[in-house]
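The structure appears right after this line, and notes come after that.
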Amino acid sequence: MSGTVLVAYQWAPSAQGTLVTESGQVDASRASVGLSDSDHVAIEFARGLADQAGARLVALGVGPEAVSAGLATKAVASRGPDEVVVVRDATPTTISVAQALAAQASGMDDLVALVLGDASNDHGTRMVPGVVAGLLGRPLLADVRSVTLGEPATVVTKFAGGTQTLQAYGTLVVQVAPDAVKPRVPGMRDILAAAKKPVQVVDVSASIDNVAVTPISVSPVQPPSRGGRVIAADTPAAAVAQLVNELSQAGVL
Amino acid sequence: MTTWLIVADDAKVSGLLDLARALPSPLAAVVAGTRELADQVAGWVPAVTWFDTSAVPASGIASAVAGVVAADPGTVVAGMGVDSRLLAGAVAAATGAEVLADVIAAIPSGDGLRVTHLLLGGLATEEVGVIGPVVLVADGRTVPEPGSAAGTVTPAAADASVARVSTEPPAAAGGDLASAARVVGVGRGLKDAGDLSLVQELAAALGAELACSRPIAEGMGWLPTSSYLGISGQRIAPSLYLAVGISGQGQHMIGVRDARTIVAVNSDATAPIVAQADWTIVGDLYQVVPELTRALLVRS
């Protein structure tokens with residue numbers, strides 16, 4: 001093998017299933033914990049890139065203690081990476097996660113590419129890829145559909161509703177488009193093999209942070225009140241006629 | 001110190017201007033785009049640094065944009081589009097700034113700012129105090145009325161590290177959910193992928209884009225993942241959202257709650273969507289949707 005491809009991932013409670021109480025408490029007890037959809041895509045994309053380069057694929061997770069649990073690392077390893085590295089960060093923020101990813105990436109002399117999902121390793125802010133690229137001093141190739149490695153690499157990204165083809169030199173920082181590839185569903189063989197793959201756990205270094213962010217309050221967002229008009233006519237045709245009439249009168253149609 | 005506006009994707013910056021103008025420092029902008037866009041922004045902002053991206057992608061000039069802001073750092077306000085986020089990330093890295101996304105409001109407070117932003121994909125709002133450099137990423141919303149600032153536009157060049165070789169137009173017309181005035185969303189009430197034609201015909205008759213709930217894209221794979229609406233998908237604000245066979249779970253409704261009007265077709269009168277819609281037809285979508293399509297076609 002020649003070179004390393006890194007793929008970043010998040011092991012965290014899904015926003016789906018998370019509740020916010022009236023008093024502002026965030027309750028994630030009923031949320032499923034795992035990889036985000038965009039990370040599934042990123043790992044699959046990175047596997048293909050590593051195969052193209054003849055490189056090893058290292059999955060790099062940053063997050064609280066749960067990221068280093070056996071369940072988590074096996075779930076990640078079963079999706080194609082050759083190795084897993086986890087960086088434990090008790091209170092991850094966009095900046096601390098980006099710094100941890102950049103620190104790991106910059107320590108690899110043979111890095112071919114760092115691959116990230118659309119919403120990897122943050123809380124849906126979608127800002128980690130841009131910050132990581134900035135910290136590494138590399139351009140972020142965003143919304144990427146495909147990469148053909150070489151010097152230069154040929155990169156196809158989404159652009160203005162269509163696509164653009166770019167040429168980029170050196171180590172690539174790639175933010176994968178959410179529909180770039182279809183992620184695999186790990187089979188029993190993948191799951192069994194995952195248990196034998198190397199896992200390295202490190203604690204996050206003190207982040208370079210010259211900003212003080214102090215939480216003040218959290219409030220649930222209330223949906224706007226709606227009309228709640230229910231149309232239950234004798235026939236579908238009658239219900240539709242009534243609806244179209246009312247929408248027209250309301251200026252909706 | 002300067003309050004910086006980063007404009008990259010388009011001129012939808014009314015939300016960004018509202019944020020920036022609430023801050024005390026003088027306002028300047030970095031525009032990555034066409035000269036026309038830069039001139040437009042100069043109507044609202046007194047000083048514009050312009051990077052021409054007609055031949056190079058935004059990624060190729062990100063470090064140069066970061067250099068402009070880092071030379072006179074201050075609070076940065078940027079949009080949520082792909083290129084805006086890419087440039088804002090580079091600026092945050094260069095200036096050591098914290099990043100807050102989905103920002104709704106920011107006001108001066110003591111030595112810093114008091115910032116309100118959405119959390120967890122829009123489930124909650126959080127208010128935080130920030131002391132130090134910060135990048136605020138927000139919804140640009142709409143194109144403001146032409147301004148009269150008569151600002152200066154200073155062209156800037158970058159040693160682009162990425163080159164654009166070619167561009168390809170969209171394979172098919174339309175498909176922009178974010179700006180669509182009307183959207184039809186389909187959910188698990190649809191029984192088979194082959195039945196998608198029912199809602200596609202409805203969307204065509206309504207002049208609407210087609211979207212879906214998460215399971216239709218992520219679970220079934222019937223529509224692209226870019227089509228699903230909700231907490232981890234797209235959030236839209238059309239004038240009309242027509243939900244077909246969608247139960248109305250909170251995770252989906254967060255993506256459409258800013259629609260001006262919500263109409264639902266659902267067989268279950270107790271489904272959550274009923275209370276969250278302006279109008280609901282309770283009935284079998286396989287009977288109601290063809291009737292609705294016919295009625296809309298006759299009307300047009």
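Letters A, B, ... are given to chains in the order of the sequence lines, protein chains preceding strands, and every chain is numbered from 1. Just so it is clear, the values below take in all heavy atoms, side chains as well, and ignore hydrogens, waters and symmetry mates. Since the structure is predicted, the reported quantities are computational estimates derived from the model, not experimental observations.
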Can you tell which part of [X] gets under 4.5 Å to a heavy atom of chain A, answering side chain, backbone, both or neither?
| X | value |
| --- | --- |
| B:Val137 | side chain |
| B:Ile254 | neither |
| B:Val130 | both |
| B:Val263 | side chain |

Contact check, side chains of [X] and [Y], non-hydrogen atoms, under 4.5 Å:
| X | Y | result |
| --- | --- | --- |
| A:Ser217 | B:Glu126 | no |
| A:Arg126 | B:Arg85 | yes |
| A:Gln164 | B:Ser166 | no |
| A:Pro220 | B:Leu123 | no |
| B:Thr125 | A:Val218 | no |
| A:Leu166 | B:Val165 | no |
| A:Ile95 | B:Val99 | yes |

Give me each pair satisfying salt bridge (Lys or Arg N to Asp or Glu O under 4.0 Å) with a member in residues 250-261 of chain B, each pair once, sequence neighbours excluded.
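Salt bridge (Lys or Arg N to Asp or Glu O under 4.0 Å) check on residues 250-261 of chain B returns no pairs.
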If a pair satisfies salt bridge (Lys or Arg N to Asp or Glu O under 4.0 Å) and one of its residues is in residues 151-180 of chain A, list it, with sequence neighbours excluded.
A:Lys158-A:Asp179
For [X] and [Y], work out which heavy atoms get closest and say how close.
| X | Y | answer |
| --- | --- | --- |
| A:Pro139 | B:Val162 | CG-CG2, 3.5 Å |
| A:Ala142 | B:Leu86 | CB-CD1, 3.9 Å |
| B:Val128 | A:Pro215 | CG1-CA, 3.9 Å |

Which one, B:Arg114, B:Glu291, B:His117, B:Glu127, leads in non-hydrogen pairs under 4.5 Å with chain A?
B:Glu127
Non-neighbouring partners of B:Asp278 that pass salt bridge (Lys or Arg N to Asp or Glu O under 4.0 Å), sequence neighbours left out
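B:Asp278: salt bridge (Lys or Arg N to Asp or Glu O under 4.0 Å) contacts with A:Arg226.
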Check each atom of [X] against the heavy atoms of chain B and say whether the ones under 4.5 Å are side chain, backbone, both or neither.
| X | result |
| --- | --- |
| A:Val26 | side chain |
| A:Ala239 | both |
| A:Val20 | side chain |

Chain B-proximal positions within residues 240-253 of chain A [heavy-atom distance under 4.5 Å]
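A:Val240, A:Leu243, A:Val244, A:Glu246, A:Leu247, A:Ser248, A:Ala250, A:Val252, A:Leu253 fall under the 4.5 Å cut-off.
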